[in-house]
Amino acid sequence: MTLSVTAAGPTDYERLTHIRATRPGEIAAAAARRERRGLPAEGERLLIIAADHPARGALGVRDRPLAMASRTDLLDRLRLALSRPGVDGILASPDVLEDLLLLGALEGKLAFGSMNRGGLQGSVFEMDDRFTGFDADSIDAMRLDGGKMLCRIDPSDHATVATLESCAKAVTGLARRRLVAMVEPFWSLRSESGVVRNDLSPDAVIRSISIAQALGVTSAYTWLKIPAVAEMERVMAATTLPALLLGGDPPDIDAAYADWHRALSLPGVRGLVVGRALLYPPDDDVATAVDGAATLVREAGA
């Protein structure tokens, strides 16, 4: 794995802990002075790195159940990814964004805060996607560019209606501040063994989009975060909202790149939001994985 280009030394991470213990106000100060950038211009596509999985207890990547367990290793990978040409920003939970702020890694980047991480992976309450992270006020105060929310819809689970209501309030709160609400909808079901699975059939994705895009008092600032699935032309015909493609944890990274390439050609698709697939590629070459995704996005916007 080649991380030495931007990897922090032990003293850098010791400094983070020291600041947190002695000068916690420095986090807000770093947010206040951060150089920001604008949302995409006409025809421009985005590449956003996702790093909010650990906050939901989802630490595994493929056959490595604790791949994301080391925070310093994750930060090394994130700093490397953010340093590559064509990477526009990051989506992360408060703790990760704060570390990156203190490390100076978010200058000139878009930053989206992850809002609901309460549906812990594998728990009996997994479908209860409560808001346990950022809220609209803190996203605004930290000068972030928007908030992301998971919106899993299980018609057999009573927790779904609370998730829908909470997401609607978050969309409304962000829109009132003219901030992007990035909604990630899934039609989800729990198997007899208790495992939650997302239905990635075109019909199920269309159904989830139809519900998600109507949340809140306005959809003026709503973007969708959706998977690249079969029949994407029909899927994208279900919405006029901008959409970003999520990466997930694909077993075949080459197939994932091919799916992204096809979907990025559609006019409503505005880019990629990818985490594990780029941060933990099979060969651990983060730079090459990120550069490949950046090339796809750049060619789609040309």
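If you're wondering where the values come from, they're calculated on a predicted model, not measured in any experiment. FYI, the numbering just counts along the sequence from 1.
Taking hydrophobic clusters as Ile, Leu, Val, Met, Phe, Trp and Tyr residues chained together by side-chain heavy-atom distances below 4.5 Å, Leu101 shares a cluster with Val96. If you chain together hydrophobic residues whose side chains sit under 4.5 Å apart, Leu75 and Leu278 fall into the same group. In this structure, Met149 is a member of the same hydrophobic cluster as Leu97, with clusters built from ILVMFWY side-chain heavy atoms closer than 4.5 Å. With hydrophobic clusters built from ILVMFWY side chains whose heavy atoms lie under 4.5 angstrom apart, Val183 shares a cluster with Val229. Leu264 and Ile48 sit in two unconnected hydrophobic clusters of ILVMFWY residues. Membership requires side-chain heavy atoms under 4.5 Å apart, directly or through other members.
Nearest heavy atoms, Pro54 versus Leu74: CG-CD2, 4.2 Å. The two atoms that bring Phe131 and Ala170 nearest to each other are CE2-CB, 3.6 Å, heavy atoms only. Smallest separation of non-hydrogen atoms from Leu47 and Gly86: CB-O, 3.6 Å. Of all heavy-atom pairs spanning Gly113 and Ile139, the tightest one is O-CD1, 4.2 Å. Closest of all the heavy-atom pairs between Pro227 and Leu200 is CG-CD2, 3.9 Å. For the residue pair Ala50 and Leu279, the shortest heavy atom distance occurs at O-CD1, 3.8 Å.
Within a 6.0 Å radius of CZ in Arg197, no more than 12 heavy atoms belonging to other residues, nucleotides or ligands are found. Shown here is Arg34, whose CZ atom has more than 12 heavy atoms of other residues, nucleotides or ligands within 6.0 Å.
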Next on the checklist: Set out, in order, the CA-CA distance, both residues' side-chain angles and the distance that settles side-chain contact (heavy atoms from CB on, under 4.5 Å) for Val274 and Ile49, then state yes or no.
Outcome noted: CA-CA 5 Å; Val274 184; Ile49 304 297; 5.8 Å; no
Checklist entry - Step by step, would you call Glu126 with Leu120 a side-chain contact (heavy atoms from CB on, under 4.5 Å)? => result CA-CA 5 Å; Glu126 182 170 351; Leu120 303 185; over 6 Å; no
Item to check | Evaluation steps, side-chain contact (heavy atoms from CB on, under 4.5 Å), between Tyr257 and Asp252 | outcome: CA-CA 9 Å; Tyr257 274 85; Asp252 185 339; over 6 Å; no
Checklist entry - Which is it for Asp88 and Lys109 under the salt bridge (Lys or Arg N to Asp or Glu O under 4.0 Å) test, yes or no, and what are the steps along the way? => result CA-CA 6 Å; Asp88 298 285; Lys109 301 295 183 182; over 6 Å; no
Next on the checklist: salt bridge (Lys or Arg N to Asp or Glu O under 4.0 Å) for Glu26 and Arg33? Distances and angles first, verdict last.
Outcome noted: CA-CA 11 Å; Glu26 180 57 29; Arg33 63 175 178 263; 2.5 Å; yes
Checklist entry - Yes or no on salt bridge (Lys or Arg N to Asp or Glu O under 4.0 Å) for Arg77 and Asp284, after CA distance, side-chain angles and deciding distance? => result CA-CA 10 Å; Arg77 293 168 186 266; Asp284 254 345; 3.0 Å; yes
Item to check | From CA spacing to verdict: side-chain contact (heavy atoms from CB on, under 4.5 Å), Ile226, Met236 | outcome: CA-CA 10 Å; Ile226 60 175; Met236 288 305 300; 3.8 Å; yes
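With a 4.5 Å cut-off on side-chain heavy atoms, Arg190 and Ser156 do not count as touching. Side-chain contact between Val205 and Phe186 is absent, with no heavy-atom pair separated by less than 4.5 Å. Taking the side chain as every heavy atom from C-beta outward, Val297 and Trp260 never approach each other to under 4.5 Å. Residues Met68 and His53 meet the side-chain proximity criterion, which asks for heavy atoms closer than 4.5 Å. In this structure, Arg117 and Arg130 have side chains that are not in contact, with every pair of non-hydrogen atoms separated by 4.5 Å or more. Side-chain atoms of Leu224 and Pro242, non-hydrogen and from C-beta on, never get closer than 4.5 Å to each other. Looking only at side-chain heavy atoms (C-beta outward), Leu144 and Phe134 come within less than 4.5 Å of each other. Residues Leu78 and Ile90 form a side-chain contact, since some pair of their non-hydrogen atoms from C-beta on lies under 4.5 Å apart.
Atom-to-atom distance recorded for Leu246:CG and Arg276:CZ is 9.5 Å, nearest 0.5 angstrom. Distance check, rounded to the nearest 0.5 Å: CG of Leu272 to NE2 of His261 gives 12.0 Å. Atom OG1 of Thr160 and atom CH2 of Trp187 lie 8.5 Å apart (nearest 0.5 Å). Here CZ of Arg64 is found 7.5 Å from OH of Tyr280. Values are rounded to the nearest 0.5 Å. How far CG of Asn116 is from SG of Cys167: 5.0 Å, rounded to the nearest 0.5 Å. In this structure, CG on Leu82 lies 12.0 Å from CZ on Arg84, to the nearest 0.5 angstrom.
With no hydrogens or angles considered, a side-chain donor-acceptor pair links Thr288 and Asp285 at under 3.5 Å. When only modelled atom types and interatomic distance are considered, Asp199 and Ser201 share a side-chain donor-acceptor pair under 3.5 Å. A side-chain N or O of Asp76 and one of Tyr13 form a donor-acceptor pair less than 3.5 Å apart. Donor-acceptor pairing under 3.5 Å is recorded for the side chains of Thr239 and Gln213. There is a side-chain donor-acceptor pair under 3.5 Å between Ser188 and Asn198.
Between Arg234 and Asp203, at least one side-chain N (NZ, or NE/NH1/NH2) sits under 4.0 Å from a carboxylate O, which counts as a salt bridge. A salt bridge links Asp99 with Arg20: at least one charged nitrogen is closer than 4.0 Å to a carboxylate oxygen. With respect to the salt-bridge test (charged N to carboxylate O, under 4.0 angstrom), the residues Glu44 and Arg37 qualify. Look at Arg56 and Asp129 and you find no salt bridge, because none of the NZ, NE, NH1 or NH2 atoms lies under 4.0 Å from a carboxylate O.
A distance-only check finds a donor-acceptor pair linking the side chain of Ser70 to the backbone of Asp73 [under 3.5 Å]. Side chain of Arg79 to main chain of Leu100: no donor-acceptor pair is present (N/O by atom type, distance under 3.5 Å, no hydrogens or angles). Checking side-chain atoms of Arg143 against main-chain N and O of Arg36 turns up no donor-acceptor pair under 3.5 Å. Judged purely by atom type and a 3.5 angstrom limit, Thr172 uses its side chain to pair as donor or acceptor with the backbone of Val217. Under a 3.5 Å cut-off, the side chain of Ser166 and the backbone N or O of Thr163 do not form any donor-acceptor pair. Side chain of Asp145 to backbone of Ala111: a donor-acceptor contact under 3.5 angstrom is found.
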